[in-house]
There are 2 protein chains.
Amino acid sequence: MKEKIHVHVADDHKILIEGIIAVINTDKNIKIKGYSLTGQEVIDWFSKKRNTADVLILDISMPIIDGFQVLKYFKNNNIDQKVIILSSYDDLRIIQEVLSLGCKGYISKSEAGEHILNAIKSVSKGDQYFSTDIQSALLKSLSGEIVAKGKIPDKFLIDSLTERELHVLKLITKQYSSIQMAEAMFLSIYTIETYRKSLLKKLNVKNSVGLAMYAFKNKIV
Amino acid sequence: MKEKIHVHVADDHKILIEGIIAVINTDKNIKIKGYSLTGQEVIDWFSKKRNTADVLILDISMPIIDGFQVLKYFKNNNIDQKVIILSSYDDLRIIQEVLSLGCKGYISKSEAGEHILNAIKSVSKGDQYFSTDIQSALLKSLSGEIVAKGKIPDKFLIDSLTERELHVLKLITKQYSSIQMAEAMFLSIYTIETYRKSLLKKLNVKNSVGLAMYAFKNKIV
DNA sequence: ATGGAAATCACTGAAAACAGTGAGTTGAAA
DNA sequence: TTTCAACTCACTGTTTTCAGTGATTTCCAT
């Protein structure tokens, strides 16, 4: 490991930022590249070409522009930023929401500092990281599925698809256009398009190709 | 290569068999396990439990029971026999027919003996082998009329893709838009679109989803 | 009974993909 | 030396997809 991992931290509580910085500084492979106190600052920072970071540690609950909106900003602007969510809540729905927005890591503020370091390293490598209690919560919801550690299984996403969405997804892999699907399913094309949008959002992909790849990887076809 | 490849040869012209045996004997990694002079003999031979061969070299045109029928026999009895067709005809329809019957190699009698050796080695490894003039014939047919039924094996389609097309295809599976590809490859978007069209035509699919599925099935990704 | 998820439909505007045609350059093979 | 395939770019339409927003109905569960 030659190059340091560059990290940006965003939280509206400065004292917490300072704490994180202190923790991170104990690891010489990781370097703080900057911090933000509001969601707007994060967006401003990353919207400047020369401002980058390998990993962004992002608090969900910030005033005005919160973590969700920051994630949406990245998504809408096709910025492939690796993000670790720092949250006080272990709510599964929140987790799912940020997952669908493309975030790759999630740690609870109640966790020890070393988890942050592990999370940063995992995510910077392209892996996912979820703190243990999050994982156990997820595992519980999956009722006994075997999961590789640190990784949220696709099943989680698949399960979130409704019957109709699944049907549309299958037809997409068969190269149906929306019009053709509408005819085949006796629905309005508007409805089909609604499902498409829903699929794109839930599976967190850019376009139909992404949907098809997802379906293929998970043998929905 | 420790174990010899066992080969069975079937042709109604004994003189040709002898020729093939002579050629094969020049390669000490390949051994003749037997030969047949009629289709019936082939079927009889392989229907006996103890009679096997890694590769069967099979002439298409034999009296009464021809090569096609032998292939059908294998297919109907779920015998996964590796077969190289030896034919005098370079007719595409014949090639397609035997391909659909599961044969893995095809060489023309007009080819030099060394091609037989290469074919045997390729097919015994599980690869396909088609002599060069067959391949070019197949490719030519792709540029003109798309052969819908009979289906040319994917292998040929892949080979027909140029470097650039392959590159574009890979980016498509990564959910790049044409604009993004143009930027990534330092090309005009018009050029990218040209490749898209070329891919759609060559791989005979309807849209990008079809391209992605194709790429996935053939492990281009 | 009330709230929520699923399913359905609608409209709009923008972005992207698809289709057809044409054309110039280059490098390698025949 | 000519020919051809690969590569490149351009222009013009049409179709499809994507994004955002909002609305209704049904049915299930708290």
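The chains referred to below are lettered A, B, ... by the order of the sequence lines, with proteins before strands, and numbering in each begins at 1.
- Proximity of T162(A) to the phosphate of dA7(C): a side-chain N or O atom is located under 4.0 Å from OP1 or OP2.
- Taking atom CD1 on I179(A) and atom C1' on dT14(D), their separation rounds to 11 Å, with Å as the unit.
- The two residues I120(A) and V7(A) come nearest to each other via the heavy atoms CG2-CG2, 3.8 Å.
- A salt bridge does not link K4(A) to D54(A): none of the charged nitrogens lies less than 4.0 Å from a carboxylate oxygen.
- The separation between K201(B) atom NZ and dA17(C) atom C1' is 18 Å, rounded to whole Å.
- Atom pair N207(B):CG and dA19(C):C1' shows a separation of 14 Å (rounding to whole Å applied).
- Within the model, atoms CG of N51(A) and CZ of F46(A) stand 8.0 Å from one another, a figure rounded to the nearest 0.5 Å.
- Rounded to an integer number of Å, the gap from OH of Y176(A) to P of dT17(D) is 13 Å.
- For S208(B), taking side-chain heavy atoms from C-beta onward, the closest of the listed nucleotides dC7(D), dC18(D), dC18(C) is dC18(C).
- For the helix from dA1(C)-dT30(D) to dA30(C)-dT1(D), the rotation axes defined at the first and last 5 base pairs enclose an angle of 50°, given to the nearest 10°.
- Heavy-atom neighbours of Y73(A) OH from other residues, nucleotides or ligands within 6.0 Å: above the threshold of 12.
- Of the possible polar contacts, one joining the K206(A) side chain to the Q175(B) backbone as a donor-acceptor pair under 3.5 Å is found.
- R196(A) and S208(A) form a side-chain donor-acceptor contact under 3.5 Å, judged by distance and modelled atom types alone.
- Taking every side-chain heavy atom of S177(A) into account, dT17(D) is the closest of dT17(D), dA19(C), dA16(C).
- For the segment residues 184-197 of chain A, the set of residues with a heavy atom within less than 4.0 Å of an atom of DNA chain D comprises E193(A), R196(A), K197(A), in numerical order.
- Rounded to whole angstrom, the span from the CG atom of L161(B) across to the P atom of dC7(D) amounts to 10 Å.
- Rounded to an integer number of Å, the gap from M181(A) CE to dT16(D) P is 11 Å.
- What separates NZ of K206(B) from P of dT16(D) is a distance of 8 Å, to the nearest Å.
- We find that NE2 of H167(A) is positioned 18 Å from P of dA6(C), with the value rounded to whole Å.
- For Q81(A) (side chain) and A53(A) (main-chain N/O), a donor-acceptor pair under 3.5 Å exists by modelled atom type.
- Using modelled atom types, one side-chain atom of T194(A) and one backbone atom of Y190(A) make a donor-acceptor pair closer than 3.5 Å.
- The R164(B) side chain lies nearest to dC7(D) when the options are dA6(C), dT17(D), dC7(D).
- Of the two residues contacting DNA chain D, namely E165(B) and S178(A), the nearest-nucleotide position lying further toward the 5' end is that of E165(B).
- Distance check: S36(A) OG to L58(A) CG gives 9.5 Å after rounding to the nearest 0.5 Å.
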